[in-house]
Amino acid sequence: MDPRRPLAGTGPPQSHAGPRPRGEHFAVVDPATGEAFGEAPDRRPKELDDVVARAHEAWRSWRSDPAVRATALLASADAVEAAGADLAPLLTREQGKPLAESYAEVARTAARLRYFAGMAPEIRTIADGRPVHSEIRWRSLGPVAAIVPWNFPLQLASAKFAPALTAGNTVVLKPSPFTPLATRLLGSVLSATLPEGVLAVVTGREPLGAVLASHPGIRHVTFTGSVPTGRAVARAAAPGLARVTLELGGNDAAVLLDDVDVEKIADRLFWAAFRNCGQVCMAVKRVYAPARLHSQVVEALAERAKTVVVGAGLDPGTELGPLNNAAQLARVERCTAQALAAGARAVAGGHRLDRPGYFYAPTILADVPAGSQVVTEEQFGPVLPVLPYRSLDEAVEAANATPFGLGGSVWGTDLDRAGAVADRLECGTAWINHHAELSLAQPFAGVKESGVGVAGGPWGLYGNLRPFVVHRPREG
């Protein structure tokens, strides 16, 4: 995601208009109006010493009893569900997504806590013929830094802290300064079910995230965001040799085969690209359609783009909300303008909506030059280029011609053929006839510049543990 920014602690790019004096609080803006509606504490980096020290102290007891942890996490899931009526509207107010999607995010947060509460690492025995009994046991790491972006603040936070807490670690959670309020409320909700110091939420502008990533008391840094920021996180964590898990975005391609039923898949394909106003790391960012079906695909997607209801997330009829912040709106405008100037055609949208807030018309682009920024980079907004291809080899080569490798999908009637094409995609997850659907039980990881490490399922749990091997003589 561009523009290239220094370490920011958020996934998508963020921008502030020049240096500002630090105060006790900073403003939080409603993206549906462009106006500030709340504020959050602007923690100073030097305050992290006390926060991390408390996390380390809490770790001493939290790591010792898995049954206590499981009970606390189950109670936490119940508490999150009970607080949904408070969490979801606040999330919509600061993030912009439709209220129904915010409730779904709260539900996913609770489900993830419940899922990991029922998980425990497996003690394994090494059988190698030697006259010793060898066991692989598992130990926690210590305080974990979780740095979370603004597109799914609660869901991505829980993806980091649920497995970390289950493993016996403690967590210092830093949300994006664009969406700190719902995360702070979540922390308050969980303070009733978790011991003090086990989960701390710290809010603030930079360099807070950079200092947290480099803090010597942190043993694991888990981050979701841009490639440049991910590299900065890795550099910050390196002196202390802290483990890093980085999810760094994607430029997912959807490849449509020549036997695809366009009308049957059009709705699914549209929402795979436009959910959360396109602000999803694993959203469809590019569509490759057979040349003979290209016009039909473009028109089917454009029809949906022209009829989708765009508005404030708190309005009951809204299907698509605003972009989250002014910098991201400006980026989407630049990407689209560059493509149009190079010869692309906006079959739907292609412009900012004339209303307060950060609204951009859902946009379908045709005749897009393959080297356009909207194709080669992650636009992270409600803009979708549809590109024709002549041969399947050409389509697969184009889909893989990106430094990213998070996800991809293949759409067609012959599932075996679609599966064979999916096997050729260079990504961490491939879907057939759908996209961006994840199970709590599956691994989530990218290849190339899309990340380092694995989240999700038991892989997410073991990523928060270290092996501890015990040898003893066999009896007799």
Side-chain angles (χ1 to χ4, degrees), residues 1-2 12-13 15 29-35 92 95-101 150-151 178 251-252 254 266-280 283-287 289 294-369 372-375 377-387 435-436:
M1 306 166 195
D2 283 317
S15 176
V29 172
D30 182 341
T33 65
E35 301 292 333
T92 287
Q95 201 282 332
K97 64 185 63 180
L99 186 58
E101 293 183 23
W150 46 255
N151 56 338
F178 290 115
N251 190 8
D252 290 14
D267 280 319
R268 273 176 286 151
L269 182 58
F270 178 85
W271 286 112
F274 286 88
R275 184 169 70 95
N276 198 24
C277 205
Q279 300 167 129
V280 183
V284 169
K285 308 291 198 319
R286 304 168 286 152
V287 173
H294 180 260
S295 295
Q296 184 183 354
V297 173
V298 167
E299 291 303 323
L301 293 173
E303 178 184 353
R304 284 149 181 85
K306 292 173 182 177
T307 57
V308 68
V309 179
V310 180
L314 292 177
D315 292 345
T318 291
E319 296 175 287
L320 203 68
L323 288 150
N324 175 258
N325 58 76
Q328 190 57 28
L329 174 60
R331 168 159 176 74
V332 169
E333 288 182 302
R334 286 195 303 271
C335 287
T336 307
Q338 188 266 350
L340 294 174
R345 177 168 50 96
V347 185
H351 56 86
R352 180 175 180 168
L353 295 179
D354 186 16
R355 64 178 73 169
Y358 308 135
F359 291 96
Y360 197 85
T363 298
I364 303 296
L365 297 178
D367 304 330
V368 186
S372 296
Q373 188 180 32
V374 76
V375 176
E377 299 182 15
E378 183 180 20
Q379 67 271 34
F380 220 72
V383 178
L384 183 64
V386 184
L387 300 102
H435 196 106

Item to complete: Mind checking the CD-CD spacing from Q328 to Q379? Nearest 0.5 Å is all I need.
Response: 9.5 Å
Worksheet, complete the sentence: Between F359 and P31, the two heavy atoms sitting closest are CE1-O, 4.5 Å
Fill in: N324 and F380: CA distance, side-chain angles, deciding distance, side chain to side chain contact (heavy atoms under 4.5 Å, CB included) verdict
CA-CA 11 Å; N324 175 258; F380 220 72; over 6 Å; no
Fill in: Chi angles and distances behind the side chain to side chain contact (heavy atoms under 4.5 Å, CB included) call for E101, R275
CA-CA 9 Å; E101 293 183 23; R275 184 169 70 95; 4.1 Å; yes
Worksheet item: Closest heavy-atom contact between L384 and V284?
Response: CD1-O, 3.8 Å
Worksheet item: Quick one: CZ on F270 to CG on L320, what's the gap to the nearest 0.5 Å?
Response: 6.5 Å
Practice prompt. Flag the pair L99 / P316 as yes when at least one side-chain heavy-atom distance between them is below 4.5 Å, and no otherwise.
Written response: no
Worksheet item: Are L340 and L365 close enough that some pair of their side-chain heavy atoms sits under 4.5 Å apart?
Response: yes
Worksheet item: Hey, what do you get for CD (E377) to OG (S372), rounding to the nearest 0.5 Å?
Response: 10.5 Å
Worksheet item: Side chains of N251 and R286: does their closest heavy-atom pair fall under 4.5 Å?
Response: yes
Worksheet item: Counting distance only, does the side-chain N/O of H351 pair as donor-acceptor with the main-chain N or O of A361 below 3.5 Å?
Response: no
Discussion item. Can you give me the closest heavy-atom contact between A32 and A312, atom names plus distance?
Written reply: CB-CB, 3.8 Å
Worksheet entry | Spatial distance of atom CZ (R268) from atom NE2 (H435) [nearest 0.5 Å] | 13.5 Å
Worksheet item: Any side-chain heavy atom of I364 within less than 4.5 Å of one from F274?
Response: yes
Discussion item. Please check this pair: side chain of T318 against backbone of G313, looking for a donor-acceptor N/O pair closer than 3.5 Å.
Written reply: no
Worksheet, complete the sentence: Minimal heavy-atom distance between N151 and N276, with the atoms involved, is O-ND2, 3.1 Å
Worksheet entry | Heavy-atom pair with the smallest gap, counting every atom of L269 and A254 | CD1-CB, 3.9 Å
Worksheet item: What's the spacing between R355 CZ and T33 OG1 if we round to 0.5 Å?
Response: 13.0 Å
Practice prompt. Give the intermediate values and the outcome of side chain to side chain contact (heavy atoms under 4.5 Å, CB included) for residues V308 and W271.
Written response: CA-CA 10 Å; V308 68; W271 286 112; 3.5 Å; yes
Item to complete: Drop me the distance from R334's CZ to Q373's CD, to the nearest 0.5 angstrom.
Response: 7.5 Å
Response to the item:
A344 and P369 have their tightest heavy-atom pair at N-CD, 4.2 Å
Response to the item:
Residues pairing under side chain to side chain donor-acceptor pair (under 3.5 Å) where one sits in residues 297-314, two or more places apart or in two chains, turn out to be E263-R304, D267-R304
